[in-house]
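Structure first, then comments.
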Amino acid sequence: MELYNTSVRKKVKFTPLKGNRVRLYTCGPTVYDVAHIGNFRAFVFEDFLKRVLTLVGYDVTHIMNITDVDDKTIQRSMDRKIPIAELTETYTQRFFQDLDRLKVIPADGYPRATDHVKDMQEIIQQLLDKEHAYISNDGSIYFAIDSYKEYGQLAQLDLSGQKSSERMADDDYTKENPQDFALWKSWKPEDGDVYWESPWGKGRPGWHIECSAMSMKYLGHHFDIHCGGVDNMFPHHENEIAQSVCATGKPFVNVWLHNEHLLVDGGKMSKSLGNFYTVEDLLNHGFTSEALRYILLSTHYRTKVNFSLEKKHEAIKAVQRVQSFWDRLNEFEVSDGEMLPDESEAFINSLSNDLDAPGALGIAFDYIRKMNNRIDQKEITQAEITMAINFMKQINHAFDFLSLNIEVPSEVTNLAQLREDARKAKDWTKSDALRDQLKELGWEVRDTPSGPKCHLIDL
RNA sequence: GGCGUCGUACCCAAAUGGCUAAGGGAACAGUUUGCAAAACUGUCUUGUACCGGUUCGAAUCCGGUCGACGCCUCCA
């Protein structure tokens, strides 16, 4: 498959560094607050990447960090007068809950920054030893970007032409170069009891160092894929590269993937505009997990997606189309077999082309219409049913648009049976009344050749 | 100011210089249905922001204009 590697700004053929295993690191949340739907665009994109990699046959080891210490987190815990660990644990659990609600496959590990301070210190020491870092006069440690000639390569920044503004120079008088970034922040009174002992005194790690430490610890110095939002490209990922490469003297990440942002109503999400949505908000608005996945995946990951509440209907209808076809297929007797229709190859080719999810969906919907038509015409064969089931499983492996194993409450089943009895007796008044009754319970009944079928109403 | 992205039908959104520019949603008409729902068929046919250029051939490449947005400082 081909992936767009930000590092070289073009699509490149992807091959794992070692055998069949893809080692994947994705930047996780800072757990000082609830993550919003924009954050989850990144996490759902990464989930999709992983699903496609496994669909084409790779094994994936996926690590996502949890940033549980930084300026904002410390500030929030002080404002709320609760211990930082309590604050971060609350939002970490909330994050996992939201991932689950969006049907995101869990990572193989979610290392927390605060559990890896020692690993970070080791890297910092290596950087000091190799003179890529220096201790400033307040005890903080900075990475010297002048010591790494490749600095700016990922973001394609030419730093030689940039001059430091007076403001920066004033704020950062202890740095050798205003662009140098912190590896270790010395303790200040406003940090309270948030500090770790180190060879350089009390302090806490800079933000970028955690990803270098944890990715290399769990995936090795040189691993396959590192993902994040476009905003992380600079400075975060640029700094990660500098730290990691200079500390180990080895290549760091093979392929960098960056997803574009999500806009709401054409602009940035903000609490003051009232367009700041969490997963919970949207579920309360009547979006389903599948509809949210559809919205996040039906635009290519490198294109900005414009979210709005008006998309609910479109998204729900689209995923229901897939669901209805699946339900319809399952009314047939299914025989075993690995056969797949020709469309499966086109579908996988589309996904292999830098995760062209919209293109793949086009193929899937074309196929669904074609097969619905064959069922309507009563021309469908047993072999086609089997292939359709297998193909739909592939589609669902990648997108997860189907709600499987929904249990119909016995109350609903009973009412549906009463209605069916009334229909057989041609008592249309009674049967329509029972249908209305079911509707009030949130269920819709469809009369099919094999009897009435109940479906949850999403709208 | 520096770097970069984008503009495709009523809405959303693919198309890596080459067949009639996918697909989803909405709308309208029909088939089917006791009526529905779902599904199917048809319509939405001078739709690639605008102007110019390169080419046998351009949504795609180049230049310009207009518009939207991102990064350069914490960000998915």
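Reminder, nothing fancy here: chain letters follow the sequence lines and each chain counts from 1. No hydrogens, no waters, no symmetry mates; every other heavy atom, side chains included, goes into these values.
- An aromatic stack links W428(A) and the base of rG34(B), using centre distance under 5.5 Å and interplanar angle under 30°.
- Contact annotation for K311(A): backbone-only contact, meaning every heavy-atom pair under 4.0 Å involves sugar-phosphate atoms and none involves a base.
- Base pairing annotation: rA14(B) forms no Watson-Crick or G-U wobble pair, as no partner gives both donor-acceptor distances under 3.5 Å.
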Side chain to side chain contact (heavy atoms under 4.5 Å, CB included) between Y151(A) and E238(A): does it pass, once the steps are laid out?
CA-CA 7 Å; Y151(A) 192 81; E238(A) 192 71 58; 3.8 Å; yes
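- Remark: R369(A) is in phosphate contact with rG23(B), judged by side-chain N or O atoms under 4.0 Å from OP1 or OP2.
- In this structure, the nucleotide among rC35(B), rU5(B), rA14(B) sitting nearest to the side chain of D356(A) is rA14(B).
- One N or O donor and one acceptor, one from the side chain of R419(A) and one from the base of rG34(B), sit under 3.5 Å apart.
- Residue T448(A) places none of its side-chain N or O atoms closer than 4.0 Å to OP1 or OP2 of rA39(B).
- With hydrogens and angles ignored, no donor-acceptor pair under 3.5 angstrom links the side chain of N232(A) to the base of rC74(B).
- Ring centers of Y277(A) and F287(A): at least 6.0 Å apart, outside the cut-off.
- Counting atom types as modelled, D231(A) pairs no side-chain N or O with a base atom of rG70(B) as donor and acceptor under 3.5 Å.
- The shortest distance between the side-chain N/O atoms of N39(A) and the OP1/OP2 oxygens of rA76(B) is below 4.0 Å.
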Before giving the answer on side-chain hydrogen bond (donor to acceptor under 3.5 Å, both in side chains), spell out for E240(A) and H226(A) the whole-Å C-alpha distance, their side-chain angles and the decisive distance to 0.1 Å.
CA-CA 11 Å; E240(A) 265 187 74; H226(A) 194 312; 2.8 Å; yes
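- Counting any heavy atom pair closer than 4.0 Å across all strands shown, Y294(A) reaches sugar-phosphate atoms only and no base atom.
- Between K317(A) and rA38(B) there is a side-chain N or O to OP1 or OP2 distance below 4.0 Å.
- You'll find that the side chain of D366(A) is closest to rG23(B), out of rA14(B), rG70(B), rG23(B).
- Taking only side-chain nitrogens and oxygens, K268(A) comes nearer than 4.0 Å to OP1 or OP2 of rC71(B).
- The base of rA36(B) is not paired with the side chain of R446(A) by any donor and acceptor separated by under 3.5 Å.
- The phosphate of rA39(B) (OP1 or OP2) has no side-chain N or O of N373(A) nearer than 4.0 angstrom.
- Of the candidates Y25(A), F223(A), Y148(A), F252(A) forms a ring-ring contact (aromatic ring centres under 6.0 Å, His included) with just one, namely F223(A).
- Using a 4.0 Å heavy-atom criterion, one finds that I375(A) contacts no nucleic acid atom at all.
- Distances were taken from every side-chain heavy atom of E444(A) (C-beta onward) to each of rA37(B), rA39(B), rG23(B); the shortest belongs to rA37(B).
- Counting non-hydrogen atoms under 4.0 angstrom, D327(A) reaches nothing in the nucleic acid.
- The residue G38(A) sits close to a base: some heavy atom pair falls under 4.0 Å.
- When heavy atoms are screened at a 4.0 angstrom cut-off, R423(A) is found touching base atoms of the nucleic acid.
- Residue contacts shown for R321(A) are limited to sugar-phosphate atoms, with no base heavy atom under 4.0 Å away.
- Regarding contacts with the backbone of rA13(B), every side-chain N or O of H300(A) stays at 4.0 angstrom or more from both OP1 and OP2.
- Residue contacts shown for D70(A) are absent, as no nucleic acid heavy atom lies under 4.0 Å away.
- A ring-centre distance under 6.0 Å is not found for F48(A) and F45(A).
- V445(A) comes within contact range of at least one nucleobase, with a heavy-atom separation under 4.0 Å.
- In this model, the phosphate group of rA76(B) is not approached by any side-chain N or O of N259(A) to a distance below 4.0 Å at OP1 or OP2.
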